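Read the structure below first, then the notes.
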Amino acid sequence: MARQKPVYTRVLIKLSGESLLGRHSYGIDLDRALAIAQEIKEVRELGIQVAIMIGGGNIFRGIRGTEAGMDRAAADQMGLLATVINGIALQEALEKVGIVCRHVSAMEIKALAEPFIRRRVIRHLEKDRVVVFSAGIGSPYFTTDTAAALRALEIKAEVIMKATKVDGVYSADPMLDKNAKKFASIRYLQVIQKGLKVMDSTAISLCKDNHVPIVVFNLNKRGNIRRAVLGEKVGTLVH
Ligand code: UDP
């Protein structure tokens, strides 16, 4: 059988902090991290350059701090640190399955992650290293979705692959509404106008203005990342 050819050469995968929860309700399930790493390896083996933006919601979100009366900027800094913890775990898992990986933090934490230097990151990718981005864009009031969109532009990724718990973008929450309809593809503007929960509106606007497509797919179905990069119909295409 002829080897399938990927449709992308460089992708940015957005993994939420929740994707690392696995069997736990808080923190990191290292087996889950290893399983994700294994799937990333399969994508790498197709010759695709991979960067990952990791979230922090499994540990801390700024909103939790503000609800408890914290200053938003301070609470978001805690959220940013949560993403760095996840970045360390993900790098560890990727290395365990044999991937050469660089962890790049947008906040300077020299002892454990590289600073973000755009050309250096591109060089890592060209040398087939997987790059894990943490600390979002390094500033409060943003999300790792927006950071994913920004970094995708900076490193010239052809697509953002947004990993979720559901099969794509639906007209309503499929966990709550059994009549929710899944879109095969949808326009950026519709996502914003309908208020669909794909990524936050800053992230969608950035993708829209700069024509970066987003594939929203279910990470809990094994092989989905590989199928998506091979151009198979997986999830929903936002374009
Ligand atoms: N955060 C931030 N600036 C950024 C990215 C993230 O302040 O550029 C903070 C924010 O408090 C957020 C937390 O980090 O709640 C974790 O990120 P996010 O909620 O995007 O993680 P995910 O939902 O993907 O797990």
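The first residue in the sequence is number 1, and the count goes up from there. Keep in mind the model is a prediction, meaning the values are calculated, not measured.
- The local environment of CZ in R118 is crowded, with over 12 non-hydrogen atoms from other residues, nucleotides or ligands closer than 6.0 Å.
- Under the 4.5 Å side-chain criterion, counting only non-hydrogen atoms from C-beta, F133 is not in contact with I52.
- The residues E42 and R222 are annotated as salt-bridged, a charged nitrogen and a carboxylate oxygen being separated by less than 4.0 angstrom.
- Interatomic distance, Y8 OH to M161 CE, rounded to the nearest 0.5 Å: 7.0 Å.
- Counting heavy atoms from C-beta on, the side chains of M70 and M78 come closer than 4.5 Å.
- Summarising the geometry of V212 relative to Y188, their closest heavy-atom pair is O-OH, 2.7 Å, with the distance given to 0.1 Å.
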**OP:** Start with the C-alpha distance between T143 and T202, add both sets of side-chain angles, then the distance that settles side chain to side chain contact (heavy atoms under 4.5 Å, CB included), and finish with yes or no.
**Re:** CA-CA 9 Å; T143 64; T202 313; over 6 Å; no
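- Between R64 and E67 there is no salt bridge, since none of the side-chain N atoms of the basic residue sits less than 4.0 Å from a carboxylate O of the acidic one.
- At a threshold of 4.5 Å between non-hydrogen side-chain atoms, the residues L20 and I54 count as touching.
- In this structure, F217 has no ring-ring contact (aromatic ring centres under 6.0 Å, His included) partners at least two apart in sequence or on a different chain.
- Side-chain contact between D177 and Y170: absent, with no pair of heavy atoms (C-beta onward) separated by less than 4.5 Å.
- With D76 contributing its side chain and Y141 its backbone, the two residues share a donor-acceptor pair below 3.5 Å.
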Output a table of donor-acceptor pairs, distance under 3.5 Å, between side-chain atoms of residues 84-100 and any protein atom two or more places apart or on a different chain; print 'none' if there are none.
residue : atom : partner : partner atom : Å
N86     : OD1  : N58     : ND2          : 3.0
N86     : ND2  : G55     : O            : 2.8
N86     : ND2  : N58     : OD1          : 2.7
Q91     : NE2  : C101    : O            : 3.2
E92     : OE2  : K96     : NZ           : 3.4

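- Put simply, CG on L196 and OG1 on T236 are 9.5 Å apart, with the number rounded to the nearest 0.5 Å.
- Of the inter-residue distances, the one linking S25 atom OG with E18 atom CD reads 11.0 Å to the nearest 0.5 angstrom.
- Note on I204 and I186: same hydrophobic cluster, where clusters join Ile, Leu, Val, Met, Phe, Trp and Tyr whose side-chain heavy atoms are under 4.5 Å apart, directly or indirectly.
- Remark: the backbone N or O of A135 is not paired with any side-chain donor or acceptor of S105 at under 3.5 angstrom.
- Within the 3.5 Å criterion, the main-chain N or O of T9 finds no donor-acceptor partner in the side chain of Q49.
- At least one side-chain heavy atom of R10 sits less than 4.5 Å from a side-chain heavy atom of I122.
- Separating the CG atom in L150 from the CG atom in D145 is a distance of 12.5 Å, to the nearest 0.5 Å.
- The OG atom of S185 sits 9.0 Å away from atom NZ of K233, with the distance rounded to the nearest 0.5 Å.
- V191 places none of its side-chain heavy atoms less than 4.5 Å from the side chain of M199.
- Exactly one of T83, L112, V104 qualifies for a side chain to side chain contact (heavy atoms under 4.5 Å, CB included) with S134. That residue is T83.
- Side-chain heavy atoms closer than 4.5 Å link hydrophobic residues (I, L, V, M, F, W, Y) into clusters, and following such links, possibly through other members, connects V216 to I192.
- You'll find the side chain of K221 reaches within 4.5 Å of the side chain of D167, heavy atoms only.
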Listed pairs under 3.5 Å, donor-acceptor, residues 30-38 side chains, sequence neighbours left out:
residue : atom : partner : partner atom : Å
D31     : OD2  : R23     : NH2          : 3.2
R32     : NH2  : L219    : O            : 3.4

Subject >> Derivation of the side chain to side chain contact (heavy atoms under 4.5 Å, CB included) call for R120 and R102 >> reply: CA-CA 11 Å; R120 185 147 142 201; R102 294 291 184 267; over 6 Å; no
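- Nearest heavy-atom pair across R151 and A106 is NH2-CB, 3.6 Å.
- With hydrogens and angles disregarded, a donor-acceptor distance shorter than 3.5 Å links the side chain of R44 to the backbone of I48.
- With hydrophobic clusters built from ILVMFWY side chains whose heavy atoms lie under 4.5 angstrom apart, I225 does not share a cluster with I160.
- The minimum heavy-atom distance between V234 and A228, with the atom names listed, is CG2-N, 3.9 Å.
- Under the 4.5 Å side-chain heavy-atom criterion for ILVMFWY residues, no single connected hydrophobic cluster contains both F183 and V159.
- A pairwise comparison of heavy atoms in A149 and A203 identifies CB-O, 3.9 Å as the closest pair.
- Here CE of M53 is found 12.5 Å from CD1 of I13. Values are rounded to the nearest 0.5 Å.
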Subject >> Verdict with supporting geometry, H239 and R187, side chain to side chain contact (heavy atoms under 4.5 Å, CB included) >> reply: CA-CA 5 Å; H239 64 125; R187 295 272 168 195; 3.5 Å; yes
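- Residues C207 and I214 share a closest heavy-atom pair of SG-CD1, 3.8 Å.
- A side-chain donor-acceptor contact under 3.5 Å links T144 and K14.
- You'll find the side chain of V215 reaches within 4.5 Å of the side chain of L237, heavy atoms only.
- The nearest pair of heavy atoms linking V50 to L125 is O-CD2, 3.4 Å.
- Residues V238 and L153 are members of one and the same hydrophobic cluster, defined by side-chain heavy-atom contacts under 4.5 angstrom among Ile, Leu, Val, Met, Phe, Trp and Tyr.
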**OP:** Mind running side chain to side chain contact (heavy atoms under 4.5 Å, CB included) on M107 and L81 for me, showing each step along the way?
**Re:** CA-CA 9 Å; M107 285 191 308; L81 282 176; 3.8 Å; yes
